[in-house]
Amino acid sequence: MTTHTMTDNPLLDFSGYARFDAIKPEHVTPAIDRLLNNATELVTQLEKPMATVTWDNFVAPLENATEQLGRAWSVVGHLNSVVDTPELRAAYNDNQPRLVEFWTGLGQNLALFDKYKAIHNSPEFATLSVARKKVIDNAVRDFRLSGAELPDDKKIRFAQIQEKLAALTTRFSENVLDATNDFSLIVDNEADLSGLPDDVKEAAKAAAEKSNQPGYKFTLHFPSYFPVLQYADNRALREKIYRANATKASELGAKPEWNNTDNIRDILALRKEEAQMLGYQNFAELSLVSKMANSPQEVIAFLEDLGQRARTFGEKDYAELRTFAKASLGLETLEAWDTTYASEKLREQRYAFSEQEVKQYFPENKVISGLFHLVERLFAVNISADTAPVWQSEVRFFKIERDGKLVGQFYLDLYARNGKRGGAWMDDARARKVTDKGIQTPIAYLVCNFTEPAVIDGVRKPSLFTHDEVITLFHEFGHGLHHMLTQVDEVGVSGISGVEWDAVELPSQFMENFCWEWDVVQHLTAHVDTGAPLPRALYDKMIAAKNFQSGLQTLRQVEFSLFDMLIHDDFDATGAKTVQDVLNTVRAKISVVTPPVFNRFQHSFSHIFAGGYAAGYYSYKWAEVLSADAYSAFEEAAAASGNIVSIDTGRRFQKEILAVGGSRDAIESFKAFRGREPSIDALLRHSGMAA
């Protein structure tokens, strides 16, 4: 095998930014070989008996070796998510089992576990910083959860489970991506697109031209299919795209090899086996060990309570929609492919505006500069363009500075494209820590799937965001701030690392609130043709419509969350009862809108089957209680000063929530900021569901 120097394999270059312009699939295996060898050699050294175990002679070297491996693999995983190619996918899938094997072995290494416990029980522990104590505490907990205390024969099975789960969740994700990329719907006749906004038609025309096809091309990428459901007058067209999206990666989908049915069953069975090996009754119990919530029963009670509070609002929402659809749209029965369309029409009628009208005021450049302006004021920083190698020409790079000193940096990848997985997410490219050269500042990836600017007759039109997309951008940026504004110097608990999963959405959901504030919105808007800011009258209509169907939306989130908790709690994946049966039971209890029998939503529920949200999807609602309550501190400040962008409150939020990262329990950070326990009242009020 060839030996690679540090410079000729860009994945082994940690001197600066990831060299995305130079990394190729053939670099992956040699780089992972080298880094795994280095890490394994170091672990062998650290396993040996030591006279005294300290932070400096044990934890620091172990963290350094594993951080490089983690960083290189995170680059590979990131590329696999944003520029998926057959060669890269193969390299990723070849190496993933080796990484899983290494991390599983590390988590089960009794010699290392004993040394962490030795530090924990030593006089040195009392002298460590709060952050270092938390790192040690988390490590002791995580060794137990990784099977370190299992007998040797059980460890082998435990490791097999980890490897199988990694392969299955990757396969789940690939099936969703392949099924999404595979589908296209060509519409030849523009008359069939009646109701669709011009920019949506332009994007569809541009997509068809790009693939050398006539007419208009629609796909299952969100910015393409959702406007069809929302605006297309052609009911058959809506049904066609709804059905394709609702059955993707299932037994009813296009290709049997993309069917996720068996993957779901196997993932659930393995998770349950893993949990029971560690002494828990089920995976839900295991999942909650590192979260704020104490038990599956507590979460189920929270969700059922929220569902009950939202139920009457949801029933009212749906009854209104059916009445309207029948009277105004001539729809005797409201089918699943009609609800988004009818909702949009009802909203336009009731509040006399459309998403389309609003969108003209949110061109990308104005939204981005307005977001930066808000963050700069709230947290006393400066954001400006920066340069680094990128993986695709449209990706941009920025830096955040305070008093002229670098605080953090981020990549912004905004548009949907083939080979990029759907949704929006933030991930860490590099964490903050102290090195020999000083502070290593954090770097984040911020990824969305918005409509790329259409090029019509050689002219590039600005990308226009829906207000929902603006909210999505603010949400991901909130995660980014949590990562980049940290003041913690220990990798394991700096930024988003070590933050309980059900609290990690607090900063992201918190940021969403600003998208509804007049003082902020004025800085986010400029009409694409005239440059005029959003008119106050239109803003007032948006506010009036803010909680339109919020009862239905809350019930939908409760349905997903309860389904997730129940399949991981008291459910046997290998028994007679199916996952679909559980979903049907939840819907009968919670939902007022029942999807069609062919709907296979769970087959592309990547959050729980391929992401980190297994037995944790409730976190969105749980954290929303925290974020709404945290935001009410700004509302209280505004009541006193008249300004929602309260500099003092912003500094406090930064100090008590963002800066501390995972170095203390989230509930303690919340109480330090609010001075009390969280309350559900603000969430109900913000959602228009207060008593």
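Bear in mind that the values here come from a model prediction, so they are computed numbers and not experimental data.
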Salt-bridge test for [X] and [Y]: reply yes if a basic N is under 4.0 Å from a carboxylate O, no otherwise.
{"X": "E355", "Y": "R347", "answer": "yes"}
{"X": "R674", "Y": "E636", "answer": "yes"}
{"X": "D648", "Y": "R652", "answer": "no"}
{"X": "E624", "Y": "K621", "answer": "yes"}

Under 4.5 Å between any side-chain heavy atoms of [X] and [Y], yes or no?
{"X": "E364", "Y": "F450", "answer": "no"}
{"X": "L334", "Y": "K326", "answer": "no"}
{"X": "M542", "Y": "F353", "answer": "yes"}
{"X": "N234", "Y": "V228", "answer": "no"}
{"X": "H527", "Y": "L534", "answer": "no"}
{"X": "V521", "Y": "Y361", "answer": "no"}
{"X": "V488", "Y": "R664", "answer": "no"}
{"X": "L446", "Y": "F398", "answer": "no"}

K291 vs S287, side chain to side chain donor-acceptor pair (under 3.5 Å): CA-CA, chis, key distance, verdict: CA-CA 7 Å; K291 296 183 171 73; S287 163; 2.6 Å; yes
Test log, rule side chain to side chain contact (heavy atoms under 4.5 Å, CB included), inputs M689 and T554: CA-CA 10 Å; M689 296 191 300; T554 300; 3.6 Å; yes
Start with the C-alpha distance between Y618 and F302, add both sets of side-chain angles, then the distance that settles ring pair (Phe, Tyr, Trp, His ring centres under 6.0 Å), and finish with yes or no. CA-CA 9 Å; Y618 77 91; F302 163 72; 7.3 Å; no
Checking side-chain contact (heavy atoms from CB on, under 4.5 Å) against I300, which of D569, D305, D570 comes through?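 Answer after filtering D569, D305, D570: D569.
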Between V367, L524, I471, T472, which is the residue that forms a side-chain contact (heavy atoms from CB on, under 4.5 Å) with F465?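 Among V367, L524, I471, T472, the one that satisfies the side-chain contact (heavy atoms from CB on, under 4.5 Å) with F465 is V367.
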Which atom of [X] lies closest to which atom of [Y], heavy atoms considered:
{"X": "A352", "Y": "E357", "result": "O-OE1, 4.2 Å"}
{"X": "M426", "Y": "G480", "result": "CG-N, 3.8 Å"}
{"X": "E517", "Y": "Y631", "result": "OE2-OH, 2.6 Å"}
{"X": "N294", "Y": "L288", "result": "C-CD1, 4.4 Å"}
{"X": "A544", "Y": "Y351", "result": "O-CE2, 3.5 Å"}
{"X": "E656", "Y": "S669", "result": "O-CB, 3.2 Å"}

Under a plain distance cut-off of 3.5 Å, with no hydrogens placed, do [Y] and [X] share a side-chain donor-acceptor pair?
{"X": "Q549", "Y": "S343", "result": "yes"}
{"X": "T333", "Y": "R322", "result": "no"}
{"X": "S591", "Y": "E559", "result": "yes"}
{"X": "Q360", "Y": "D199", "result": "no"}
{"X": "Y415", "Y": "N449", "result": "no"}
{"X": "H482", "Y": "E505", "result": "no"}
{"X": "T312", "Y": "K316", "result": "no"}
{"X": "D581", "Y": "T578", "result": "yes"}
{"X": "H568", "Y": "E285", "result": "no"}
{"X": "D427", "Y": "Y445", "result": "no"}

Is there a side chain to side chain contact (heavy atoms under 4.5 Å, CB included) between Q553 and D317 once you walk through the steps? CA-CA 10 Å; Q553 282 161 5; D317 289 343; over 6 Å; no
Heavy-atom donor-acceptor pair, [X] side chain to [Y] backbone, under 3.5 Å:
{"X": "D502", "Y": "A293", "answer": "yes"}
{"X": "S632", "Y": "A682", "answer": "no"}
{"X": "R600", "Y": "V597", "answer": "yes"}
{"X": "T486", "Y": "G495", "answer": "yes"}
{"X": "R238", "Y": "W337", "answer": "yes"}

Step through it carefully: locate the ring centre of [X], locate the ring centre of [Y], and say whether they are under 6.0 Å apart.
{"X": "F634", "Y": "F510", "value": "yes"}
{"X": "Y231", "Y": "Y341", "value": "no"}
{"X": "H479", "Y": "H475", "value": "yes"}
{"X": "H467", "Y": "W516", "value": "yes"}
{"X": "F560", "Y": "F601", "value": "yes"}

Where do D629 and R676 land on the side chain to side chain contact (heavy atoms under 4.5 Å, CB included) test, with the steps shown first? CA-CA 10 Å; D629 198 349; R676 57 167 174 74; 2.6 Å; yes
Out of curiosity, W622 CH2 to S561 OG, how far, rounded to the nearest 0.5 Å?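 Rounded to the nearest 0.5 Å, the CH2-OG separation comes to 12.0 Å.
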How many angstroms lie between CD in Q356 and CG in L196, if you round to the nearest 0.5 Å?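 One gets 9.5 Å once the value is rounded to the nearest 0.5 Å.
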When you look at [atom1] of [X], are more than 12 heavy atoms from neighbouring residues, nucleotides or ligands closer to it than 6.0 Å?
{"X": "K541", "atom1": "NZ", "answer": "yes"}
{"X": "E668", "atom1": "CD", "answer": "yes"}
{"X": "R556", "atom1": "CZ", "answer": "no"}
{"X": "K671", "atom1": "NZ", "answer": "yes"}

In terms of ring plane angle, is the pair [X] and [Y] parallel, tilted or perpendicular, where the classes change at 30° and 60°?
{"X": "F222", "Y": "F226", "value": "parallel"}
{"X": "Y613", "Y": "Y617", "value": "perpendicular"}
{"X": "F410", "Y": "F372", "value": "perpendicular"}

Do the numbers put R651 on top of the ring of F379, so that NZ or CZ is under 6.0 Å from the six-membered ring centre and no more than 45° off the axis?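 R651 over F379 ring: no.
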Write out all pairs satisfying ring pair (Phe, Tyr, Trp, His ring centres under 6.0 Å) with one or both partners inside residues 309-335, taking only residues at least two apart or from two chains.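 Counting only pairs at least two positions apart or across chains, no ring pair (Phe, Tyr, Trp, His ring centres under 6.0 Å) contact touches residues 309-335.
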Starting from the C-alpha separation in whole Å, work towards a yes-or-no answer on side chain to side chain donor-acceptor pair (under 3.5 Å) for H686 and E512. CA-CA 12 Å; H686 287 171; E512 292 180 21; over 6 Å; no
Evaluate the side chain to side chain contact (heavy atoms under 4.5 Å, CB included) criterion for residues F477 and V375: first the C-alpha distance (whole Å), next the side-chain angles of each, then the deciding distance (0.1 Å), finally the verdict. CA-CA 9 Å; F477 210 82; V375 169; 3.8 Å; yes
